[in-house]
Asks: 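Dropping the structure in here first, questions after.
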Amino acid sequence: MQKINRNVVLALLSLTSLVFLLFQLCYYKFYLSQKNGAAFSKVRGSQSGQDSTRWHVVRKFLGLISSHNIPVYLIDPLILGLVDKDIEQIRSSPDGPSLECKYFCAPRDFTTFALLDKTWKHEVGLFRTAEKMGFQWLKIINKDPRLDGMDDLSGMEIPLHYIFKLASHAIHLVVFYERSGNFLWHGPLRLRQHMDRKFVPFRKLHFGRYPGAYEKPELLLVSIDDLKVQIPKNPSSFLEEMSHSRFLECRYREARAFFQLYPDDASLDAVEFRKKAKSLLHLAALTLNNLGVKFWLSSGTCLGWYRQCNVIPHSKDVDLGIFIRDYKADIIPAFQKAGLPLKHKFGKVEDSLELSFQGEDDVKLDIFFFYEEDDHIWNGGTQAKSGKKFKYLFPKFTLCWTEFVELKVHVPCETLQYVEANYGPEWKVPVKTWDWKSSPSNVQDNGVWPVDEWDDVIQIY
Amino acid sequence: MDEWKPNPAVKPHKKRSWYLAWKYKLMNQRALRKLCQTGAVLFLLVTVIVNIKLILDTRRAAYEEEEESAQDYDDEMLNVEVPRHPVNNKKVLDVEVYSSRSKVYVAVDGTTVLEDEAREQGRGIHVIVLNQATGHVMAKRVFDTYSPHEDEAMVLFLNMVARGRILIFTIKDEGSFHLKETAKNVLKSLGSQVAPFLSWRDMWTFVGKKGGEVYGEKHAKSPALSTWGDPVLLKTEVHLTSVEDAECHWPDTELNRRRKRFCSKVEGYGSVCSCKDPTPIEFNPDPLKDNKVFDVPVAVIAGNRPNYLYRMLRSLLSAQGVNPQMITVFIDGYYEEPMDVVELFGLSGIQHTPISIKNARVSQHYKASLTATFNLFPDAKFAVVLEEDLDISVDFFSFLSQSIHLLEEDESLYCISAWNDQGYEHTAEDPSLLYRVETMPGLGWVLRKSLYKDELEPKWPTPEKLWDWDMWMRMPEQRKGRECIIPDISRSYHFGIVGLNMNGYFHEAYFKKHKFNTVPNVQLKNVESLRKDAYETEIHRLLGEAEVLDHSKNPCEDSFVPDTEGRVYVMFIRMEQEADFTTWTQLAKCLHIWDLDVRGNHKGLWRLFRKKNHFLVVGVPASPYSSKKPPSVTPIYMEPPAKEEGAVAVPAAAAAEQT
């Protein structure tokens, strides 16, 4: 009897195990497909390639937005990377049917599209249709930065990102806004408290960690994997642009606090100087951008941006920085052609190069060249009458975009360290008398130019 | 799991005999039995492993997700959106209403929704409208029925309130002096017993439902002419209805959802909230062919006059060629109701914290609005600037589309304005005619971005300067001799009666009779001749063909201009130097046109219409056109009247300001 019982017990146990195991298998499959459809959809889609969930979701999404006449374009770095390899072929046969699903089936969690804000009307209908099609969607809104710089304006919050989720795939729609300075801006993706943090793995998104600045792209309508979609005309340069697109907003609130403490100079002279400095900066930016030389706001101009979001009226010149590796011999002729004669040239390409151009009415454009060392970056100065050399040290920095006097320009991302290196911890206090040889807190004596080199390294016009 | 498949035989069966036979068989096959047992144990083991794996996987995935959505993407602001109105399941509202000589207040469920104890203010009947389902305040008005005509406004308002709303009335100081029979009857029809007998300095409170029951009424009679009635305090309860009963059942569309939101919040907008046949809130006017101003942003400058804004936006959105996406309404202050109006029409609105006071506040609001407009539309070269108390002509955008290229090409232009200061019913005639004028009329105008960014914005009057922005813009330092283009017949109409520098008398005298174009698609005829030099040629041609009027007659008399039509006449007035407007001002006065300062002149020349004839006035000898004066004609001189008190004194500031 004992043995029989054991058998019965064992059999019963096995049976319950089987049922339990089957249940778990089902659950596991279901859970996996929700989390990451890869394993699941591969099985079904492998024959045609286009059966894949991702492709289907993209196709549905494109159908959705085209039914509402909303022009989006593809900015997904993964797909654009793949597309870029075959760009010639894709360009030459825009309508060719594709044999396999090469791009939109590539494994990934998201497909990213861009939308220009001004090209659509914020129809609520879009979202109702999306819901009917089975999409779940999430909208991320925030303050409008174009009004942030203004005293006490509160507009409606603007949509910065949309995420449309269907089955195991999600579409990330980044909304781009036009900003003063003729560029496009997208906002950061920040979740508010009540939002569903698990809606999608936000961390894997390619856009949204920081705000970004982009040129207005030229678009190309292509057909890839049998889907018609707009892409940037030159995917590789878009991807390159994307890699350093980080944007810094000016610190408008701090600037307002600064002006509370030190009221702005509204005299006619100040207005005039600002106007001239602005047009000089516009001219310099145009000239350097045409040459493809990367530059950033340096010294007083950078301080003005960081401290008061404006040109410092008593600064009397415009200062730019350029890495010496970006130096081009064309710089001087290009500025001369733009109507800015060379005023002086100190140093040489190998050491302490500094150019100064004469703008309109005594407003000077100073260009400092920066030399990179292992643990710091420096630029040089030269005193014309004595041939003395100076060295200004900065901690290492990278470049970010910002908007300044209606211009998209670079500033050091680590602006505070940069400004503090230059102006010391008291940079918040305006100083009217400034001696470039002694006032900066990062200045070092750097010897004297050999007399026989003077003709070369100290040129004054 | 594969281990399992070879052992289907393990399944137990219910048939007892079969089972026993099978058991017996098994007992005799020890080896097989052992195998089955091992198999079962193995299978159990597999189950355990799969279980553990599942648990681990699930936990890891959950952990990853938590990681993924970590601080990096958190909004540092931690804005917690608090629902605007807490859900209120209460069915009864306690209402308290107080009426007295110097103070009125209304409290709903202990929350004060009206309190007015300011001196010299808020006299008359205060009216509050509550939503019958939620108890929210939908409108608050005060009608100074001590003064004439205010009772008419009250009747108008009460008629616009939807049936079923809860109305609360209370009198402060005096509310019966000009409360006429009609108004009293309306109050009586609402259920008031006292209203028909309200008299001098009575105190009165009343709560009732429009078209329904009365919740309470209290009254205190004034014992004598010189004293007020005793303060009255009415405490009553109001039963709320269900939300469904309080709402209309419009078809569920995007537009109607906006309408519903609006109509459940505010009252006093009439047919837009009518259940049966609501007036449209989308207009779809005909598009303009070759519309050159489709991409020009439109800034609507607004304050807290939501009914004005409502009227203004209706006319703006009905104008041909309007592009609602380019419209931004800038509200000076954090007022809810103007924002509700903006949202009703699906437009975008921006609120501005008021800076400074009076005229400086308006001026700062203008600056912020203009800067924001060019920030929001960085590609725009122009901006259209409108105010909340303007009607917009149906061909407003057509007019701008035809003329905007001039502003782009002609450096000597300051603005294009839709308003002709001198374009009254009796002095404007030709909708296709444009002028150049040295003054900036405002009231619907186009601003060039470069002018704003390079010249005006950096120098804009600071908040401590109590200047009018438009007066400042008219100053020679800003205008620098540049001119504006205006139409003969205005494309905007100034209907505002309440305003910073506006009152009923002033409006009646200077704005009511202004001509306003209602003809669609007017083809402008002399656009190219408005360029700087071409305009001079045009004026000389005009003066050449003009008939000189009889200068011995009185120019104020109607007979001064012959009873003809379509002719061109010229008269010459004395104008010693450029700034001598003595005679002009007198002439403007007797012609009943704008005479508070000089408007509409171009090099000492004014152009208007009299009896449907083009009528030119040249100031001699200051005007360069003086050479056209025949030697025999003596310019007319009109003396200003000796200093005497005018019938009604217009404040100096009001004279200059039109907003």
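Chain identifiers are assigned alphabetically (A, B, ...) following the order of the sequence lines, protein sequences preceding nucleic acid strands; residue numbering begins at 1 within each chain.
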Asks: Is it the side chain or the backbone of B:Gln325 that comes within 4.5 Å of chain A heavy atoms, both, or neither?
Replies: side chain

Asks: For the pair B:Leu451 and B:Leu456, evaluate side-chain contact (heavy atoms from CB on, under 4.5 Å) and give the outcome as yes or no after the intermediate values.
Replies: CA-CA 6 Å; B:Leu451 170 69; B:Leu456 303 179; 3.9 Å; yes

Asks: Measuring heavy-atom distances to chain A, does B:Phe374 have an atom under 4.5 Å in its side chain, in its backbone, in both, or in neither?
Replies: backbone

Asks: Measure across B:Pro324 and B:Leu347 and return the closest heavy-atom pair with its distance rounded to 0.1 Å.
Replies: O-CD2, 3.6 Å

Asks: Check whether B:Met326 gets within reach of chain A through its side chain, its backbone, both or neither, counting any heavy atom under 4.5 Å.
Replies: neither

Asks: Is A:Lys204 close enough and on-axis enough to A:Phe110, meaning under 6.0 Å and within 45°, for cation-pi?
Replies: no

Asks: Among the options A:Lys118, A:Arg128, A:Met195, pick out the one with the most heavy-atom pairs lying under 4.5 Å from chain B.
Replies: A:Arg128

Asks: Specify the closest pair of heavy atoms between A:Gly304 and A:Ile312, including all atoms of both residues, with the distance to one decimal.
Replies: CA-CG1, 3.5 Å

Asks: Let me know if A:Asp264 has heavy atoms under 4.5 Å from chain B in its side chain, its backbone, both or neither.
Replies: neither

Asks: Which region of A:Ile140, side chain (C-beta onward) or backbone (N, CA, C, O), has a non-hydrogen atom less than 4.5 Å from a non-hydrogen atom of chain B, or is it both or neither?
Replies: neither

Asks: With a 3.5 Å distance limit and no angle check, can you tell me whether B:Arg361 reaches the backbone of B:Pro354 through a side-chain donor-acceptor pair?
Replies: no

Asks: A:Asp269 vs A:Ser267, test: side chain to side chain donor-acceptor pair (under 3.5 Å). Steps then yes/no.
Replies: CA-CA 5 Å; A:Asp269 282 352; A:Ser267 67; 5.3 Å; no

Asks: Which residue out of B:Thr371, B:Asp379, B:Thr328 racks up the most heavy-atom pairs below 4.5 Å with chain A?
Replies: B:Asp379

Asks: With respect to chain B, which residue among A:Glu406, A:Glu178, A:Lys275 yields the maximal number of heavy-atom pairs within a distance under 4.5 Å?
Replies: A:Glu178

